[in-house]
2 protein chains.
Amino acid sequence: MYGRIAPGEALTLRGIGKEFDVSMTPAREAVRRLVAEGALFLSNSGRVSTPELTSERLEELAALRALLEVELASRALPRAHMALIDRLTAINGNVADAVSRRDAVGYIQSNLEFHRTLYLRAQAPAMLAMAETVWLQLGPTMRALYGRLRKTEPPHYHRLIIAALRAGDEPGLRLAVRSDVTQGLRLLAR
Amino acid sequence: MYGRIAPGEALTLRGIGKEFDVSMTPAREAVRRLVAEGALFLSNSGRVSTPELTSERLEELAALRALLEVELASRALPRAHMALIDRLTAINGNVADAVSRRDAVGYIQSNLEFHRTLYLRAQAPAMLAMAETVWLQLGPTMRALYGRLRKTEPPHYHRLIIAALRAGDEPGLRLAVRSDVTQGLRLLAR
DNA sequence: ATTGCGGAAATGTGATCACATTTGATCAAT
DNA sequence: ATTGATCAAATGTGATCACATTTCCGCAAT
C-alpha cells in the first residue's frame with residue numbers, strides 16, 4: 001500500500017516465511033488474502049508478484065478512488081468538527097515534510113493517512129475498506145509514479161479539502177477530493 | 001453470492017474439506033479469500049460464518065452498489081448494441097420465471113446475471129470485481145430479504161434499464177439502475 | 001426452571017513433508 | 001554470438017500432525 005515494493009516484484013512463500021520467522025502456512029494465507037484483494041498478482045503457475053498495472057487499469061482504479069472517496073468525504077463533512085480539521089492540518093504538515101525530503105514512501109503513507117483520517121468520520125466501514133483495497137492495488141505503482149515527479153510540490157488540493165471542510169462547502173469538498181485523487185494519475189496516463 | 005447459505009450460518013474447515021473432498025489446507029485458503037472479500041465473517045476465535053448484516057451495513061452496501069453499478073452501466077451504454085439488449089431481455093425472462101416459481105436462489109442468480117451481462121460491456125474489470133465483492137457480501141442477506149417479499153412482482157426496473165439502453169438515454173439508465181439496486185433494500189431497511 | 005461447572009468433542013493454527021511443476025542457469029551445437 | 005537442450009534448484013500444493021482454544025452438552029446445585 002505504501003509503495004515499499006516495486007511493481008512486478010516477485011515474492012515467494014518460503015521467502016516471506018523466513019522474513020517474518022514463520023512457516024509457509026501463514027505466509028500462504030497472507031498472500032492468498034492479498035491476492036483476493038488485488039494487492040498481489042498470481043501468475044498461472046502460482047507465483048506471486050506485485051501487479052504491474054496497465055494504463056487502462058490505472059484509469060479504472062483512479063475512477064474508483066474518485067467515486068468512493070468523494071462519497072466518503074461527503075458523508076464525513078457533517079461530522080467534521082474543529083478537532084478533526086486540526087488533525088488533518090497536522091498530517092498535512094507531515095505530507096509536506098515528506099515531499100521536501102523526497103521520501104516517496106513517507107509521502108504516500110502520510111497522504112493516505114490524511115485521507116483515512118477524514119474518511120473515518122464518515123462512519124462507513126465497508127466503503128472505507130473498499131477504498132483501502134484500491135489503495136492497496138495502487139501502492140507499488142504510486143511509488144513508481146512518484147519517481148517521475150520532478151517538482152517538490154506541496155499538497156495543494158489538501159488545502160482546498162481543508163478549506164471546504166471549514167466552510168461546510170459540500171460541492172467544493174467533492175471537487176477538491178476528486179481533483180486530489182485523480183491528479184496523480186494524470187501524470188502517469190500520458 | 002446467490003443466497004444458498006443463510007446469514008449467520010457457521011462453516012468449518014474440516015466440513016468444507018469433506019464436502020469438496022479435499023484436506024483442510026485448500027478449504028482454509030478458500031475461506032481466507034472469502035473473508036478478505038467480506039463474504040465470510042471471521043470471529044475472534046477464528047470461527048467462520050456468513051455475515052449477519054446490520055441495517056447500517058446494509059445501507060452502506062446498497063450505496064456502494066448504487067455508486068459502482070451506475071458507473072458501470074454508464075460505461076456500458078455506448079457499447080450496448082442490439083445483441084446485448086436481446087440477451088438482457090432473455091435473461092430477464094429467467095428472472096420473471098424464478099419469481100413466479102418463488103425460487104429465491106434462482107431469482108438472485110438470474111438477477112445478478114442480468115447485471116453482470118450489462119456491466120461486462122463496460123470493459124472495467126476492477127470495477128466489476130468490486131461490484132461482485134458487494135454482491136458476495138449481500139448474498140446471504142438478500143436471500144433472507146426475498147423471504148419477506150409477499151408479492152411475486154416482475155422485474156419492473158429491469159424493463160426501464162432495457163428501455164433506456166435502447167433509447168441511448170444515459171440519465172434514464174443511471175436512474176433506473178440506481179432504483180433497481182436500492183429497491184430491494186428499502187423493504188429491509190424498515 | 002435456571003444457573004454454573006466440568007469435561008469431552010470439535011476446531012483453528014502453524015509446522016512439516018512428499019511430490020509435481022516451474023524456473024533458471026549451464027553447456028553444447030550451430 | 002545465438003539458440004536449444006538438459007538438469008539441478010526453487011517453488012507451490014495438498015495432506016497430515018500435534019497442540020492450544022473454544023464450544024457445547026450433560027449434570028448437578030440452588
Side-chain angles (χ1 to χ4, degrees), chain A residues 1-54 57 125-126 129-130 132-133 135-141 143-144, chain B residues 1-54 57 125-126 129-130 132-133 135-141 143-144:
Chain A
M1 183 183 285
Y2 298 143
R4 294 211 179 81
I5 312 184
E9 193 169 324
L11 298 173
T12 67
L13 299 184
R14 288 174 175 85
I16 295 169
K18 182 155 292 187
E19 183 174 350
F20 295 97
D21 238 322
V22 293
S23 76
M24 290 172 61
T25 312
R28 229 194 310 185
E29 293 188 1
V31 161
R32 281 309 227 258
R33 169 175 170 187
L34 290 167
V35 167
E37 291 179 310
L40 290 177
F41 168 73
L42 188 65
S43 84
N44 301 325
S45 68
R47 292 337 209 243
V48 292
S49 59
T50 48
E52 298 182 282
L53 305 179
T54 64
R57 183 57 68 105
M130 298 233 119
E132 296 200 88
T133 293
W135 298 348
L136 217 39
Q137 297 184 44
L138 284 171
T141 302
R143 159 68 175 283
Chain B
M1 184 184 284
Y2 298 142
R4 295 210 179 81
I5 312 184
E9 193 169 324
L11 299 173
T12 66
L13 298 184
R14 288 174 174 85
I16 294 168
K18 183 155 289 186
E19 182 174 348
F20 295 98
D21 238 323
V22 293
S23 77
M24 290 172 60
T25 311
R28 229 196 308 187
E29 294 188 1
V31 161
R32 281 310 227 258
R33 169 176 171 187
L34 290 167
V35 167
E37 291 180 310
L40 290 178
F41 168 73
L42 189 64
S43 83
N44 300 326
S45 70
R47 293 333 213 247
V48 292
S49 59
T50 47
E52 298 182 281
L53 304 180
T54 64
R57 183 56 68 104
M130 297 233 118
E132 296 199 88
T133 294
W135 297 349
L136 216 39
Q137 297 184 45
L138 284 171
T141 302
R143 160 69 174 283

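Proteins get letters first, then strands, A, B, ... in listed order; numbering begins at 1 in each.
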Taken to the nearest 0.5 Å, the spacing of A:L42 CG from A:R47 CZ works out to 11.0 Å
In Å, rounded to the nearest 0.5 Å, how long is the span from CE of A:M24 to CG of A:L13?
-> 5.0 Å
B:Q137 CD to B:L34 CG distance, which is reported to the nearest 0.5 Å = 11.0 Å
By a strict heavy-atom criterion of less than 4.0 Å, which residues belonging to residues 15-22 of chain B are in contact with DNA chain C?
-> none
B:T50 side chain to B:G8 backbone, donor-acceptor under 3.5 Å | yes
Heavy-atom contacts under 4.0 Å between residues 28-48 of chain B and DNA chain C, which residues?
-> B:R28, B:R32, B:G46, B:R47
Outer limits of DNA chain D sitting under 4.0 Å from a non-hydrogen atom of chain B, read 5' to 3', are D:dG14 to D:dT23
Do B:P125 and A:R57 have side-chain heavy atoms sitting under 4.5 Å apart?
-> yes
Mind checking the OG-CZ spacing from B:S23 to B:R14? Nearest 0.5 Å is all I need.
-> 10.5 Å
Got a second to check how far B:T141's OG1 is from B:L53's CG, nearest 0.5 Å?
-> 3.5 Å
Would you check if B:E29 and B:T25 make a side-chain contact, meaning some heavy-atom pair closer than 4.5 Å?
-> yes
Side chains of A:L40 and A:L11: closer than 4.5 Å at any heavy-atom pair?
-> yes
Between B:E37 and B:R33, is there a salt bridge with N-O shorter than 4.0 Å?
-> yes
Between A:T25 and B:L13, name the one whose nearest nucleotide on DNA chain C is closer to the 5' end.
-> B:L13
